Amino acid sequence: MKTRITKLFGIEHPIILSGMSWISVPRLVAAVSNAGGLGILATGVMTADETRAAIKEIRSLTKKPFAANITLYFPGAERNAQVLIDEKVPVINYALGKGDWLAKKVHAYGGKVVATVTTHKHALAAERDGADALIVTGYEAAGHGGAITSLVLIPSIAEAVKIPIIAAGGIADGRGLAAALALGADGVSMGSRFMNTIESPVHENMKKLSIAKTIYDTVYTPKIDGLPARFMKSKKVLKVMSRPLNLITAAFNSREIAKSLGYPWIKIALAILLQGYGRAKKMATMANGFKAFRVGTMDGDNAHGVLPLGQVTGLIHDTPKVADLVKRLVKEAREAQKDLNAKMK
Ligand SMILES: Cc1cc2nc3c(=O)[nH]c(=O)nc-3n(C[C@H](O)[C@H](O)[C@H](O)COP(=O)(O)O)c2cc1C
């Protein structure tokens, strides 16, 4: 398959591993890149030193292009961005912030920049700011998808911008890949599907649950981490959704996060408070959400933790090796193309 995305990144298949905190780690990133796609390292919960070490590890596992993500909204993002620039990471994916400065620095060493967006406003702004491509995330997605379904969002944003777009949200097989290309995307990015692979470090409980759950077993809510996002439906998630924000728990959780990111907590707390009550409340919710993500993804504890999960969980029935999955996606997409040709004669 040859699309504007395979050309832009120098990869074989237009298939991308989404940046998922604690999950898109060097082993999984390298497995996707080695299989001919593009792995994105998630740096949101890493210190600058951990990010540098992770890039070194990826380079020891693959000679193929790879990417790393930066969530500009999070504390510590600039420090990690600087590491990615110093290390000349081939592709940098950013979200939730303005990326003009990043694009300039990355283009200076010949790298590419991809912005993750969920609306036209942000898609057009990212294009103006110099992004080379967009990841456009629909309502079906795990985590922070937009309010509009991929079926409508992808063609609509494809019409509005000139740069290539990568569809995210609702894709788990080759039919989804072929459909995304038909809708005007030049590639796909998958989270839930790659989360359930042999190389994924997510806890085995969550791999089993993602097979057992159906398309009806997720919820979309801003109550878990402060921004509208999709999670596996569980007693814990429904409890958090029904209760007001617990500020005391948030204070403890944000201390834990600040410590793991190597930041003085008081400095982060003061900086956030200075930005006003709205931002402080969002960050407090995010602190609670992040603690719950870690417990869900790494400890596999569904009673105390939460798991971002897309509606495609209902299309996931196995735990394959990444290389086999990528081959299967390409084969299925070609079969879908043949079926379509036959139907549309
Ligand atoms: C377990 C899990 C963890 C995720 N963590 C993050 C994250 O830390 N940051 C982020 O921007 N997106 C995160 N996502 C969302 C993905 O990046 C991606 O947008 C989404 O999975 C695409 O939808 P899909 O699941 O239907 O493929 C996560 C997704 C999953 C399944």
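All values derive from a computational prediction rather than experimental measurement. Just so you know, ligand 1 is whichever comes first in the structure, and atom 1 is the first atom listed for that ligand.
- Contact residues for ligand 1 (protein heavy atom closer than 4.0 angstrom to any ligand atom): Ser18, Gly19, Met20, Ser21, Ile23, Thr137, Ala141, Ala142, Gly169, Gly170, Met190, Gly191, Ser192, Met195, Leu307, Pro308, Val312.
- No hydrogens or angles considered: nothing links the side chains of Gln337 and Asn341 as a donor-acceptor pair under 3.5 Å.
- By the side-chain hydrogen bond (donor to acceptor under 3.5 Å, both in side chains) test, Ser200 is found to be paired with no residue, residues two or more places apart in sequence or in another chain being considered.
- Shown here for Thr319 and Thr197, the closest heavy-atom pair between the two residues is CG2-C, 3.7 Å.
- In the model, His144 has no side-chain atom that pairs as donor or acceptor with a side-chain atom of Thr118 under 3.5 Å.
- Summarising the geometry of Ala180 relative to Ala167, their closest heavy-atom pair is CB-CB, 3.9 Å, with the distance given to 0.1 Å.
- Ala333 and Ala178 get closest at one heavy-atom pair: O-CB, 4.0 Å.
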